[in-house]
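Only one structure is covered here, and it is reproduced in the block below.
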Amino acid sequence: MVSTTTCNPCELRKFVIPEIITGINAGLLIGRYLQHFGAKKPMIVTDRGVRKGDWFQEIEKEISTHVKSYIIFDEVTPNPKDTEAMSGASLFLDQHCDIIVAIGGGSPMDCAKCISIVSTNGGYILDYEGVDEIKLPGPPLICIPTTAGTSADVSQFAIIMDTSEGVKKAIISKKVVPDLALIDPIPLMDMDLYLTACTAMDALTHAIEAYVSNAQSALTDIHALEAIRIIAENIYHAVSDKRTIETMCHMMLGSIEAGMAFSNASLGAVHAMAHSLGGLYDLPHGECNSILLGHVIDFNFDSAPHRYRKISEQMGLQVQGLDNALVKTNLLTEIQHMLEKVGIQPYITLASSDADLDRLAGNALNDPCMVTNPRVLEKEEVKEIYERIIRYRE
Ligand SMILES: [Fe+2]
């Protein structure tokens, strides 16, 4: 339980981040950095949607002028699959590549991390599920994100779908922290508004879960709180047609701060349940988190009331003079309003024959993110939360 907002600096904690370059046109530095790394044949990992964009062409041009040859692996799909990681790793080895450049949202970056693991350590990608199961560091990995939320570009997490079981597996290791993140706001201007909303809510969830995590530290708290403030201040402008490059720079920064916090403090029940839900029904990660966030806060609040009060303050809510019960109600109302204003429905729709609450709850309880939730959940409690967010088709 994390009951106060102060930290004990005597407790052992680690904090790992990559080299990070931020700002307008950071992505265009890729050529120079490939030279710094002494790259001979990079493998670009992306998806077909990103590859069609003008911005990708600009980055590819920079790469092509700085190395003699490179290959593109664009077979990554949303919620990247174990099979995609395995074919990417085979291609990397067959083509004698020596560095990986991931360009895209969370899916290409997670898949790139998995390609890096298998190309060096061999075996099957799911062998590395869990915490610190990777023996050898992979080839250099450069991430150039095109969304602001997943933070795979700064994190020690890789999420991959186990296609035989229909469940997302988390691989957590310092060895999947990228060597370099080139974080550029330019591609964020082209993100569709719904994707912007989902990724922003994902980032907000990262920050909130990191701040109440059992593994938080003084260093993660600073970044988590700043992320909550930045995202709450900028999310509505970011999901409007009138967004500006300055707003998207703020969202980029909010996402990085949230990423540095959760990468080192881990997450909680929202992510554990979202991984299970998104894995079984192939749903967008940010959407699952957005829908679950309020319900998990409702469950967790009394385990860390001081911390949720601080979160409320960072979101611009009045807390002084209010008792915990009222602060909790106001925070839950704010999150509900936030979902309405950014256009995310507060439930998912399934055919009743498809719903498998027992399996969903079992998978969520096995997810490593569940371990750092500030309150222990029993299986029936997890099922109850799922019941609240699932609507059945007629
Ligand atoms: Fe996430």
Side-chain angles (χ1 to χ4, degrees), residues 17 78-80 102 104-114 143 145-161 167-172 176-178 181 183 191 194-213 215-216 220 223-224 227-228 230-231 235 251-252 254-297 300 311 335 338-339 342 344 348 363-364 367-373 389:
I17 56 170
N79 294 323
S107 299
M109 291 192 283
D110 279 345
C111 192
K113 290 176 174 188
C114 293
C143 286
T146 56
T147 62
T150 146
S151 299
D153 40 299
V154 298
S155 83
Q156 45 188 332
F157 281 61
I159 307 296
I160 193 81
M161 176 82 89
V167 61
K168 287 184 179 184
K169 299 279 172 73
I171 297 170
I172 305 167
V176 298
V177 175
I183 308 179
M191 266 199 299
Y194 189 69
L195 179 62
T196 306
C198 287
T199 51
M201 288 303 296
D202 185 24
L204 181 65
T205 308
H206 292 153
I208 292 175
E209 293 216 283
Y211 190 63
V212 299
S213 161
Q216 51 71 229
T220 60
H223 295 294
I228 294 166
I230 294 171
I231 295 163
I235 187 170
M251 292 305 286
M252 172 191 77
S255 169
I256 297 168
E257 299 256 20
M260 292 194 292
F262 95 77
S263 177
N264 293 285
S266 197
L267 293 159
V270 181
H271 269 77
M273 293 180 67
H275 290 155
S276 173
L277 190 63
L280 198 55
Y281 302 112
D282 204 16
L283 298 168
H285 173 69
E287 190 178 280
C288 295
N289 279 327
S290 309
I291 296 168
L292 285 159
L293 180 62
H295 297 278
V296 171
I297 290 177
N300 281 349
I311 287 168
I335 287 169
M338 201 175 249
L339 288 192
V342 302
I344 299 175
I348 62 153
N363 289 344
D367 190 285
C369 294
M370 196 57 104
V371 178
T372 40
N373 194 65
I389 61 138

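Since this is a predicted model, take the numbers as computed values, not measurements. In each ligand, atom 1 is the first atom listed, and ligand 1 is the first ligand listed. We count residues from 1, following the sequence as given.
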Kindly give the heavy-atom pair with the smallest separation between Leu195 and Thr147, and that separation in Å. CD2-CG2, 4.0 Å
Answer yes or no: is there a side-chain heavy-atom contact under 4.5 Å between Ile160 and Lys113? no
Of all the N, O or S atoms in His271, which one sits nearest to the Fe ion (ligand 1)? NE2
Atom name, Asp202 (N, O or S, nearest to the Fe ion (ligand 1)): OD1
Measuring from the Fe ion (ligand 1), name the closest N, O or S atom belonging to His206. NE2
Name of the His285 N, O or S atom nearest the Fe ion (ligand 1)? NE2
Are the side chains of His295 and Ile389 in touch, meaning some heavy atoms are under 4.5 Å apart? yes
Could you check whether Asp367 and His271, counting side-chain N and O atoms only, form a donor-acceptor pair closer than 3.5 Å? no
